[in-house]
Structures are given as C-alpha cells and as structure tokens.
Q: 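Sharing a structure with you now.
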Number of protein chains: 2
Amino acid sequence: MSNEKPIIILKTPTKEETLETVRSALSRRRIIIIAGNCWVDYQGRARSTLNPGERILIIKEDGSVLVHRPKGYEPVNWQPPGCIFHSDLREDIFLIKAVRRKPRETLQIFFDEIYFLAAMSLVDEGEFSLYASEEDMQEAIMIQPSLVEDGLHPITYEKKVEPGFIDVYGIDKNGRMVVIEIKRRTAGKEAVLQLSKYVDSLKNVVNREIRGILVAPKIAKGVQKLLLTLGLEFKRLDPKKCAEILKKRKARSLEDFY
Amino acid sequence: MSNEKPIIILKTPTKEETLETVRSALSRRRIIIIAGNCWVDYQGRARSTLNPGERILIIKEDGSVLVHRPKGYEPVNWQPPGCIFHSDLREDIFLIKAVRRKPRETLQIFFDEIYFLAAMSLVDEGEFSLYASEEDMQEAIMIQPSLVEDGLHPITYEKKVEPGFIDVYGIDKNGRMVVIEIKRRTAGKEAVLQLSKYVDSLKNVVNREIRGILVAPKIAKGVQKLLLTLGLEFKRLDPKKCAEILKKRKARSLEDFY
DNA sequence: GAGTGGATTTCGCAT
DNA sequence: ATGCGAAGTCCACTC
C-alpha cells in the first residue's frame with residue numbers, strides 16, 4: 001500500500017487542464033494553489049480593482065480565499081471562510097468567482113497565464129498554543145498580585161461597570177479600592193482614557209477614593225503626562241514574565257497532582 | 001528565445017534537495033512555497049508553539065513569512081516583511097529560521113515531510129484601487145456637504161484637537177460649529193464616545209454651542225440612546241454612494257480636461 | 001444575530 | 001523612530 005499523498009501538481013497547465021483540475025479539487029474540498037498572471041475585482045462591503053500582475057492564489061478547504069502579491073504580509077484581496085465557488089473559461093481567460101452571503105460579497109479572479117497549479121488535501125490537528133496574551137497577564141496578577149504592588153488583594157476580574165469592563169478590581173494594603181487596566185503592549189492615550197472612565201464611573205457609584213493603575217510593559221511617550229493629570233498610576237509589567245509565572249504554576253500543579 | 005518563466009517545482013523532494021533549492025531561492029530573492037508536515041516555534045512580542053501538522057509555508061521576496069493551516073483566513077504563524085532567513089538540515093529535519101530585528105523576533109519552522117516545493121520570481125506592478133473607504137466618505141463630504149445636510153460648509157478635515165483628530169469640521173447654515181465623525185460601517189458605542197470627546201474638547205476651547213454629527217451607514221441598536229443623551233446627531237450615509245459621487249466627479253473632470 | 005474588544009494585529013501617515 | 005487611527009480588518013465571545 002502506497003502512503004504517497006494524493007497531490008496534483010501541474011506546471012504551466014493549459015486553461016482547460018486548469019479548469020478541470022480546479023473543478024475537481026473544489027468538489028473534493030481540496031486546497032488549491034495557483035501562481036499566475038491575474039487581475040481581480042472585489043465587490044461587497046467595499047469595492048476594489050486590481051490590475052494585471054503575477055500573484056499567488058490560495059483557496060482553502062473551508063472556502064477561504066487569499067490573493068497574495070509578491071510582497072507584503074497581507075493578501076491584496078481575500079475572502080474569509082464560507083465562500084461558494086464558480087470557475088469557468090471565457091475566451092482563454094480562466095476565472096474563479098468566490099461568493100459569500102452575509103455580507104453579500106463577490107471576488108472574481110481572472111487568469112490569462114498560469115505558471116503552476118497545485119491541489120491537495122492537508123490534515124492538520126496540531127495544537128496551537130499562544131503565551132503571553134493579555135489574558136495571561138490578568139491571570140498572573142490574580143494569582144500573584146504583588147506583580148502590581150505588595151499588599152494588593154484582587155477581588156474580581158472583568159468586572160462590569162458602566163463604560164465597559166475593568167480588567168482587575170481589588171483593595172490595596174490601606175483599604176483603598178483599586179482599578180487595574182491591563183495592556184500587553186505599550187499603553188497609549190486610549191488605555192489611559194479608558195482607565196480614567198472606569199475610575200470615574202466607579203467613583204459615581206461608591207463615592208470614595210479610587211486608585212486607577214495602568215499595567216503594561218511600557219507607556220507611550222506623551223501619555224505619562226495625561227496619566228498623571230488624571231490622577232492615575234502606572235506599573236510596568238512584562239507579559240512574558242506573566243507567562244513564565246503561569247508556566248511555572250502549571251508545572252507545579254501537575255507535580256501536586258501526581 | 002524562450003519566454004518560459006523560471007519556475008522550480010519539486011514534488012516530494014528529499015531534504016537535501018529542499019535545502020539546496022531553498023537556499024538558492026532565498027539568495028535570489030525568489031518566492032518560496034512549501035507544503036508539508038511541520039511544527040513551528042515563535043518567540044518575540046509573544047510566544048507560541050504549533051504542534052505537527054500539514055501546512056503551507058510561503059516566503060516572499062521582501063522577507064515576509066506565512067504559515068497557513070488548511071483552514072481559515074489568517075496565517076497561524078507569520079512574520080511581516082524584513083526577515084533574514086537561515087535554513088538547515090538536522091537529523092533529517094529541514095528547518096527554516098526567520099529572524100526580524102525591531103522588534104526582535106524569531107520564527108522557526110521544522111519540516112519532517114515535504115510534499116512539494118515551488119520557487120519563482122513574480123513581477124507585479126498592477127495598480128490596486130479601493131473604493132468606499134472612510135477616506136472616500138470624507139472626500140465626498142468635503143466636495144458635496146449636502147450629503148450631511150443642506151447649508152453645511154466644511155472648513156477643514158482631519159483637524160487636530162486634544163484627544164485626536166476630527167474627521168470633518170465646519171459651519172452649518174445657522175452659523176453653528178459642526179464636528180463630524182465618519183464611520184464606514186455600523187457605528188458603535190466607541191464612535192459616539194469619540195465624537196463626544198471631540199465636541200467637549202472643542203467646547204472648552206471656543207466656549208460656544210457645537211453640533212456633533214455622526215455619519216455612518218448605520219448606528220448600532222443600543223447606541224442611538226447614548227447618542228441622544230450626549231446631545232449628538234446621526235446622519236445616515238452609505239460609503240458606496242460616496243464612492244459613486246467621487247467616480248462621477250472624476251469622470252467629469254476628465255471630460256473638462258479633454 | 002448583533003455588539004464589543006483584542007490582535008504577535010498590519011499598514012500608512014504625520015510628528 | 002514613534003505615535004496614532006483605520007481596516008473590505010478577522011476573530012472569539014457575550015447577550
């Protein structure tokens with residue numbers, strides 16, 4: 001028994017070969033990769049046109065589409081998962097049309113030259129883990145509040161208040177209420193104003209002094225001033241340090257378990 | 001003379017072939033596409049691991065990297081343009097390491113099976129045009145203010161005030177100051193609060209009545225109430241209509257020119 | 001189904 | 001370089 005992957009690879013196929021192969025691959029929900037000279041029309045939430053040039057087209061098994069230029073991280077045109085496809089041949093132009101409902105959008109790609117075409121099924125059950133997210137920081141502060149300051153007692157996190165959510169809410173060693181806003185990267189004006197809003201809205205409710213602490217790896221340059229003006233505080237905290245703490249804790253709890 | 005594109009396509013190449021081809025392609029700044037079984041480590045602004053599975057790797061000529069799973073619009077791992085690459089072979093594992101400075105980040109991809117490899121140079125000078133963006137809306141309002149209301153006279157756009165930038169600023173038919181905040185899609189709480197901030201900060205400066213108008217195709221459900229509470233107004237405007245107006249105007253100015 | 005906020009956001013523009 | 005806001009943002013989660 002052969003374990004060879006069923007992969008179709010065509011180098012400079014004719015338009016007819018392309019059409020046949022693409023249709024077959026679409027019906028079997030295979031991934032399709034095409035490199036060639038193409039132009040693209042998009043119509044939906046906005047509208048765009050892309051003049052002819054050499055690009056890579058990827059159609060995935062879930063109905064997502066990517067058109068990549070030779071440069072840049074982002075696709076120049078795309079569709080999120082869920083598209084329905086039509087492919088056709090018109091006067092030696094190979095065209096693929098991807099249609100999405102909700103919102104109604106149409107992406108049309110026209111090829112006049114095809115350099116190669118690949119179609120295959122890929123299996124990917126591999127777990128993806130991301131560390132040092134904002135959520136990790138919140139969790140780390142909850143289990144080790146001294147990361148922010150000694151004597152801090154977190155009460156709740158994600159507490160709902162009028163303007164939105166407070167990341168962490170607690171009581172400091174002197175019994176004062178503390179509101180903490182967490183950012184996983186350089187905190188800007190936005191974060192400060194958000195924290196300020198939270199503090200103000202809480203003041204309206206409890207009518208007592210409230211400390212607002214912005215926790216982030218860094219604070220943007222001009223923003224420190226705004227922070228002080230609003231009577232808020234800043235505490236530097238590295239997201240990676242938080243990830244480390246969680247990792248260690250996790251390892252320890254496994255030890256305890258066995 | 002042959003016009004055949006210099007494309008290298010290898011089906012199930014050996015690791016040695018892969019290494020040689022990838023190194024050559026990297027040095028010639030060619031685009032590389034690999035499909036195979038791989039795992040990925042990322043370390044930089046955050047950190048991530050991706051367990052083995054079948055994916056597509058794309059390396060572009062500008063040093064951007066994309067690792068795509070068989071599903072989803074977004075790459076599972078990536079690097080923006082500007083990476084420096086190292087490739088190597090270790091105990092029958094083919095590895096590619098992409099390093100970026102500023103911020104310092106490392107992306108490592110390990111292949112134990114390679115289904116196919118393609119390397120090519122693509123030329124793409126095609127113009128890309130996007131219509132019905134927020135910028136189009138702003139432009140359309142500047143040249144046809146009646147889109148918002150009759151008698152409106154726009155004075156400036158992108159006016160700097162304390163909290164940020166005002167999209168459009170002008171005077172209405174009764175001589176009152178008008179601040180306009182534009183959104184190209186359903187305006188939410190965020191947009192209303194932003195507009196409110198702008199209006200308030202301008203009031204502090206000029207000490208006279210100021211109208212704040214939110215211009216968007218739609219306003220979110222609960223948000224209308226907030227808008228009214230804050231004494232602001234809403235004007236429905238479709239971004240596509242704005243695009244149409246600009247298009248017509250462009251066509252007319254071309255006519256005038258010839 | 002709509003609303004809300006985060007993102008390894010990326011990207012572009014202005015300071 | 002840094003800051004700032006938009007994006008056809010996408011995506012996950014809540015109501």
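A quick note: this is a predicted structure, and the numbers were derived from the prediction, not measured. Below, chain A is the first sequence line, B the second, and so on; all start at residue 1. Only this structure's heavy atoms are used, side chains among them; waters, hydrogens and symmetry mates stay out.
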Q: Give the residues of residues 34-47 of chain A touching DNA chain D, defined as any heavy atom closer than 4.0 Å, sorted by residue number.
A: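 Per residue number, the list reads A:Tyr42, A:Arg45, A:Ala46.
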Q: Look at the aromatic rings of A:Tyr73 and B:Trp78 and report parallel, tilted or perpendicular, splitting at 30° and 60°.
A: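 Rings of A:Tyr73 and B:Trp78: tilted, 30 to 60°.
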Q: In whole Å, I'd like the distance from the CE atom of B:Met137 to the C1' atom of D:dG8.
A: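 B:Met137 atom CE is separated from D:dG8 atom C1' by 14 Å.
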Q: Output the distance between atom CZ (A:Arg55) and atom CG (B:Asp124), rounded to the nearest 0.5 Å.
A: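 It comes to 3.5 Å.
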Q: Hey, could you give me the CG/CD1 distance between A:Leu66 and B:Ile58, rounded to the nearest 0.5 Å?
A: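 Those atoms lie 7.5 Å apart.
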Q: Please state how far atom CD in B:Glu134 lies from atom C1' in D:dG8, giving the value in whole angstrom units.
A: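 To the nearest whole Å, that distance equals 13 Å.
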Q: Where along residues 211-234 of chain A does a heavy atom come under 4.0 Å from DNA chain C, residue by residue in number order?
A: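 Listed by number, there are none.
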Q: Test A:Ile96 against every option in A:Val65, A:Val22, A:Leu26 by the side chain to side chain contact (heavy atoms under 4.5 Å, CB included) rule and name the one that passes.
A: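 Answer after filtering A:Val65, A:Val22, A:Leu26: A:Val22.
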Q: Side chain of B:Glu181, backbone of B:Ala191: donor and acceptor closer than 3.5 Å?
A: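 No, the answer is negative, given that no donor and acceptor are paired below the 3.5 Å cut-off.
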Q: For A:Arg185 and C:dG6, is the shortest distance between a side-chain N/O and OP1 or OP2 below 4.0 Å?
A: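 It does not, given that no N or O in the side chain of A:Arg185 lies less than 4.0 Å from OP1 or OP2 of C:dG6.
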Q: Would you indicate what B:Lys183 reaches in the nucleic acid, counting non-hydrogen atoms under 4.0 angstrom: base, sugar-phosphate, or nothing?
A: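 The answer is sugar-phosphate, as B:Lys183 gets under 4.0 Å only of primed atoms, P, OP1 or OP2.
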Q: Rounded to whole angstroms, how far apart are CG on B:Leu130 and C1' on D:dA6?
A: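 My rounded result for the distance is 11 Å.
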Q: Answer yes or no: is there an ion pair linking A:Glu61 with A:Arg29, defined by an N-O contact shorter than 4.0 Å?
A: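 Result for this pair is no, no salt bridge flagged.
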Q: Would you classify A:Glu190 as touching base, sugar-phosphate or nothing, given that sugar-phosphate means primed atoms plus P, OP1 and OP2, and contacts are heavy atoms under 4.0 Å?
A: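 Counting heavy atoms under 4.0 Å across all strands, no contact is made by A:Glu190.
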Q: May I have the distance from A:Gln194 (atom CD) to D:dG5 (atom P), rounded to whole angstrom?
A: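 Checked: the CD to P distance equals 13 Å.
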Q: Could you measure the distance from the CG atom of A:Leu214 to the CD atom of A:Gln194? Nearest 0.5 Å is fine.
A: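 It comes to 10.0 Å.
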Q: Please answer whether the main-chain N or O of A:Gly72 pairs with a side-chain N or O of B:Lys60 as donor and acceptor at a distance below 3.5 Å.
A: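 Such a contact is found between B:Lys60 side chain and A:Gly72 backbone.
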Q: Atom CD of B:Glu135 and atom P of C:dC13: how far apart are they, to the nearest Å?
A: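 The answer, rounded to whole Å, is 8 Å.
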Q: Measure CZ/A:Arg184 against P/C:dT8 and give the value in whole Å, please.
A: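 After rounding, the gap between these two atoms is 7 Å.
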Q: Working to the nearest 0.5 Å, report the span between CD1 of A:Ile213 and CD1 of A:Ile141.
A: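 It comes to 9.5 Å.
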Q: Any sub-3.5 Å donor-acceptor pair from B:Ser196's side-chain atoms to B:Val192's backbone N or O?
A: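 Side chain of B:Ser196 to backbone of B:Val192, a donor-acceptor pair under 3.5 Å: no, none is there.
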Q: Roughly, in whole Å, what's the span from NZ in B:Lys197 to C1' in D:dC4?
A: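 B:Lys197 atom NZ is separated from D:dC4 atom C1' by 12 Å.
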Q: Charged N to carboxylate O under 4.0 angstrom, A:Glu244 versus B:Arg47?
A: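 Looking at B:Arg47 together with A:Glu244, the answer is yes, because their closest N to O distance falls below 4.0 Å.
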Q: Measuring from B:Leu152:CG to B:Met142:CE, what's the distance to the nearest 0.5 Å?
A: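 CE of B:Met142 is found 9.5 Å from CG of B:Leu152.
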Q: Given pairs defined as Watson-Crick or G-U wobble with both distances under 3.5 Å, what dot-bracket annotation applies to DNA chain C, with ( ) intrastrand, [ ] crossing, | other strand and . unpaired?
A: |||||||.|||||||
Q: Which residues, if any, of residues 57-78 of chain B bring a heavy atom under 4.0 Å of DNA chain C?
A: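 Heavy-atom contacts with DNA chain C come from B:Val76, B:Asn77, B:Trp78.
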Q: Under the side-chain hydrogen bond (donor to acceptor under 3.5 Å, both in side chains) rule, what pairs show up with a residue in residues 231-243 of chain A, not counting sequence neighbours?
A: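 Checked against side-chain hydrogen bond (donor to acceptor under 3.5 Å, both in side chains) - neighbours excluded - the pairs reaching residues 231-243 of chain A are A:Arg211-A:Glu233.
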Q: Starting at atom CD of B:Glu181, determine the distance to atom P of D:dC4, rounded to an integer number of angstrom.
A: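 Taking atom P of D:dC4 as the reference, CD of B:Glu181 is at 17 Å.
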Q: Under 4.0 Å, counting only non-hydrogen atoms across every strand here, what does B:Phe128 touch: a base, just sugar-phosphate, or nothing?
A: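 Nothing: the residue B:Phe128, judged by heavy atoms under 4.0 Å, touches no strand.
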Q: Just by distance, do the side chain of A:Gln138 and the backbone of A:Asp167 share a donor-acceptor pair under 3.5 Å?
A: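 Yes; at least one donor-acceptor contact below 3.5 Å.
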Q: What's the separation between atom CD1 in A:Ile56 and atom CD1 in B:Ile33, rounded to the nearest 0.5 Å?
A: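 Going from CD1 on A:Ile56 over to CD1 on B:Ile33, the span is 3.5 Å.
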Q: Take atom P in C:dT8 and the same atom in C:dT4, then report the distance between them in whole Å.
A: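 23 Å, rounded to whole Å.
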Q: At a heavy-atom distance below 4.0 Å, what parts of residues 93-106 of chain B sit against DNA chain C?
A: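 Of all residues in residues 93-106 of chain B, the ones placing a heavy atom under 4.0 Å from DNA chain C are B:Glu105.
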Q: Could you tell me whether the side chain of A:Arg69 and the main chain of B:Gly126 form a donor-acceptor pair under 3.5 Å?
A: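 Present.
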